[in-house]
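Worksheet: one structure, shown below.
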Amino acid sequence: MAYNDLREWIEALDSAGELKRVRAQVDPILEITEIADRVSKGAARKYPRGGPALLFENVKGGNGVPVLINQFGSERRMQMALGVDKLDEVAERIRQLLNMKSPEGFLEKLKMLPMLAEMGKFFPKIVASGPCQEVIRKKDFSFLDFPVLQCWPQDAGRFITLPCVITRDPRTGKRNVGMYRMQIYDATSAGMHWQRQKVAAEHYREMLRIGARGPAAGGEQAHIPSTAERRSGVDIMARSSGGSMLAEGERPGGTMEVAVAIGTEPSLTFSAIVPAPPDVEEFIVAGFLRQKPVELVKCQTVDLEVPATAEIVLEGYVKLDELRTEGPFGDHTGFYSLEDEYPVFHLTCVTHRKNPIYSTTIVGKPPMEDAWMGKAVERIFLPLMKLTLPEIVDVNLPVEGIFHNLMIVSIRKSYPGHARKVMNGIWALGQAMFTKCIVVVDEDVNIQDIGEVVLKVFNHIDPERDIQFTLGPVDSLDHAARLPNFGSKMGVDATRKWPSEGFARPWPDEILMDEKTKSLVDKKWKELGIE
Ligand SMILES: Cc1cc2nc3c(=O)[nH]c(=O)nc-3n(C[C@H](O)[C@H](O)[C@H](O)COP(=O)(O)O)c2cc1C
Ligand SMILES: [Mn+2]
């Protein structure tokens, strides 16, 4: 079942008892964070883990715009958002899609037709008009017409935390939707925190490479950069550090158009955080998740399309020669992410629905709302990881490992060195490149049970032999790395070691009672009178 907009989603949450409306006045500066944090950590005792979604209806200085927060903040709501009873159902749908084999004979081809028709539902549809443009403001607008939060005391200011940032690849015309926070500098400029390994940052670099000659979308011939243009783009990128993509004094000029949708229906919001392969449009991912096309409308002032039912749309551009200090920001590591240089988004037009709803989230010490989103990604991506690494049995990203610090993976080991092959494969797999520590165990370990993991991993390793270090890109949020974005990573091979791996000693059996004794005690259990 698909929600057509945020409002239908809020209604569904309400009727499922998953939403709490708050009528008391609250301050978007710090206070909403403190409330939402307590709810995430269990202060709302009537509710299961993660607490309810919150709709603040009376926000100080918020022009009457309500604030929705914690919409994804429990297992149940994450399932509801994706229209399933178990997240593994989504994984199963992906598995079926990947399992497709070529039909043999006419009958099998006929049987495929409904499947192909089904796939038509994944693609977005451009419609002539949509509620997101009920109100169009081409002048006298400000980010602060909306109740944008300051989340934590040492944050550099107010941040839009749940924006779907839409950009276009200037070479292919393909769109990308990524969730990148935006720090409000003033009424019409904001930091655009796309980290340098993310897709929108690559679109930005691509614009630099082609000398900002304009997008080649819409079937136009793509501009092929000259060697000199390429070299200058590469130079700019190589010389800059951290989030910087331009060297000081470098002025290639030009702009890149950007649109931001806030308050989208949940499958689209979720698809903006999904680490899909760079060339996969998130509008298609959302269409797949909701089994219904996403409807898009053309923007007013930029050549981009936005979800027709979004609550709020920000249209604007990023200058290719402008960077500004972004941060600090209280991040999902539980620490403040450091200041760094990022591009600046300039607002050219705001469109919104009548009586818009502002949707947001906070991050901080786990568990918080994003923990549930991350767990959904873990489940849904398992079949996709298995496509490249079929020996993987299961994956666990413990919430306190904040998704990039720790990945536990069980494998069906088949040859010497197999665990190390898997580590290297994971470090080469899209955003999994950021994984600071990968622990690999045999398939008989239930990796969803951390107690069992600790027991077996630390029994099984000879640290000097079984730990593998490597160097490479690390998450921009990693404050311990020797350099921003570059550092070391560790793999732990906790699989049982084989003679073919040079392990000559016998390997002991795990202690397990025999079945005969177990069933004997089962039968006598009552008679023993212990319970
Ligand atoms: C609440 C939330 C906030 C996020 N903020 C950022 C951010 O500021 N910058 C960033 O690069 N990634 C951020 N991410 C992660 C990206 O959304 C994620 O890596 C996504 O896959 C990027 O999309 P892309 O692959 O199309 O670039 C955030 C994720 C969540 C759940
Ligand atoms: Mn993407």
Side-chain angles (χ1 to χ4, degrees), residues 1-22 32-33 35-57 66-93 149 161-164 179 261-274 282 285-286 288-292 294 307 309-311 332 357-381 397-399 402-403 448:
M1 87 146 283
Y3 309 100
N4 286 313
D5 57 16
L6 189 75
R7 295 168 191 212
E8 276 189 27
W9 167 232
I10 291 174
E11 267 173 43
L13 291 175
D14 209 356
S15 38
E18 288 282 339
L19 180 85
K20 185 81 199 146
R21 290 171 192 273
V22 179
I32 288 185
T33 298
I35 299 165
D37 189 27
R38 288 190 193 190
V39 165
S40 288
K41 308 269 194 303
R45 276 190 222 109
K46 274 198 314 195
Y47 292 88
R49 263 190 344 133
L54 300 170
L55 188 68
F56 293 101
E57 295 177 332
V67 170
L68 176 69
I69 198 165
N70 207 26
Q71 60 179 302
F72 296 109
S74 74
E75 186 176 18
R76 177 75 199 114
R77 286 203 292 290
M78 206 51 247
Q79 293 159 344
M80 282 176 72
L82 303 180
V84 292
D85 290 323
K86 279 188 73 188
L87 292 168
D88 288 327
E89 284 172 39
V90 183
E92 185 50 40
R93 280 220 308 272
L149 307 191
T161 53
L162 207 60
C164 297
M179 185 151 299
I262 300 170
T264 45
E265 54 77 31
S267 64
L268 184 69
T269 314
F270 177 71
S271 71
I273 72 135
V274 158
E282 282 78 2
V285 176
F288 171 80
L289 290 171
R290 69 203 293 264
Q291 305 277 291
K292 198 175 166 184
V294 175
T309 64
E311 292 291 327
H332 80 137
I357 301 165
Y358 178 74
S359 90
T360 193
T361 188
I362 50 159
V363 291
K365 277 194 195 138
M368 274 195 176
E369 182 173 3
D370 65 324
W372 303 97
M373 300 163 93
K375 277 286 158 189
V377 169
E378 173 199 291
R379 287 299 96 196
I380 292 171
F381 264 72
L397 296 149
V399 168
I402 58 163
F403 301 100
Q448 304 304 332

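Throughout, residue positions are numbered sequentially from 1 according to the sequence presented.
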Quick one: salt bridge (charged side-chain N to carboxylate O under 4.0 Å, His left out) pairs with a partner in residues 5-17, sequence neighbours left out?
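Only D5-R353, R7-E311, D14-R21 qualify under salt bridge (charged side-chain N to carboxylate O under 4.0 Å, His left out).
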
Tell me, which pairs form a salt bridge (charged side-chain N to carboxylate O under 4.0 Å, His left out) where one or both residues lie in residues 67-82, sequence neighbours left out?
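Found E18-R77.
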
Drop me the distance from [X]'s [atom1] to [Y]'s [atom2], to the nearest 0.5 angstrom.
| X | Y | atom1 | atom2 | result |
| --- | --- | --- | --- | --- |
| I69 | I32 | CD1 | CD1 | 6.5 Å |
| S271 | L289 | OG | CG | 7.0 Å |
| I402 | M368 | CD1 | CE | 13.0 Å |
| Q448 | E378 | CD | CD | 5.5 Å |

Residue list, side-chain contact (heavy atoms from CB on, under 4.5 Å) with [X], at least two apart or on another chain:
| X | result |
| --- | --- |
| E92 | R95, Q96 |
| V39 | P52, L54, N70 |
| A371 | P367, V399 |

In terms of heavy-atom contacts, does NZ of K41 have more than 12 from other residues, nucleotides or ligands at under 6.0 Å?
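Count over threshold, so yes.
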
What pairs with R38 under side chain to side chain donor-acceptor pair (under 3.5 Å), at least two apart in sequence or on another chain?
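Scan of R38 (side chain to side chain donor-acceptor pair (under 3.5 Å), adjacent residues dropped) gives E34.
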
Tell me, please, which residues at least two apart from [X] pass salt bridge (charged side-chain N to carboxylate O under 4.0 Å, His left out).
| X | result |
| --- | --- |
| E265 | R290 |
| K292 | none |
| K365 | none |

Are [X] and [Y] close enough that some pair of their side-chain heavy atoms sits under 4.5 Å apart?
| X | Y | answer |
| --- | --- | --- |
| E282 | V274 | no |
| L68 | I10 | yes |
| E369 | I362 | no |
| F403 | M373 | no |
| L397 | V377 | no |

How about T161 and T361: does a side-chain donor come under 3.5 Å of a side-chain acceptor?
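Result is no, nothing qualifies.
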
Show your working on side-chain contact (heavy atoms from CB on, under 4.5 Å) between L6 and S359 and close with a plain yes or no.
CA-CA 9 Å; L6 189 75; S359 90; 4.3 Å; yes

For Y47, give me all partners under ring pair (Phe, Tyr, Trp, His ring centres under 6.0 Å), at least two apart in sequence or on another chain.
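Counting only residues at least two positions away or on another chain, Y47 forms no ring pair (Phe, Tyr, Trp, His ring centres under 6.0 Å).
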
Contact list for residues 1-22, test ring pair (Phe, Tyr, Trp, His ring centres under 6.0 Å), sequence neighbours left out:
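Counting only pairs at least two positions apart or across chains, the ring pair (Phe, Tyr, Trp, His ring centres under 6.0 Å) contacts touching residues 1-22 are Y3-W9.
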
Determine the interplanar angle of the F270 and F72 rings, folded into 0 to 90°, and report it as parallel if under 30°, tilted if 30 to 60°, perpendicular if over 60°.
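Tilted, since the angle between the ring planes falls between 30° and 60°.
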
Minimum heavy-atom distance A261-P307, with the two atoms named:
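The answer is CB-CD, 3.8 Å.
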
Identify the heavy atoms of Q71 and L162 that sit nearest to each other, and give their distance.
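Here Q71 and L162 meet closest at NE2-CD2, 3.5 Å.
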
Could you pull out every donor-acceptor pair under 3.5 Å between side chains of residues 82-91 and any protein atom, sequence neighbours left out?
from : atom 1 : to  : atom 2 : distance (Å)
E89  : OE2    : D85 : N      : 3.2
E89  : OE2    : K86 : N      : 3.2

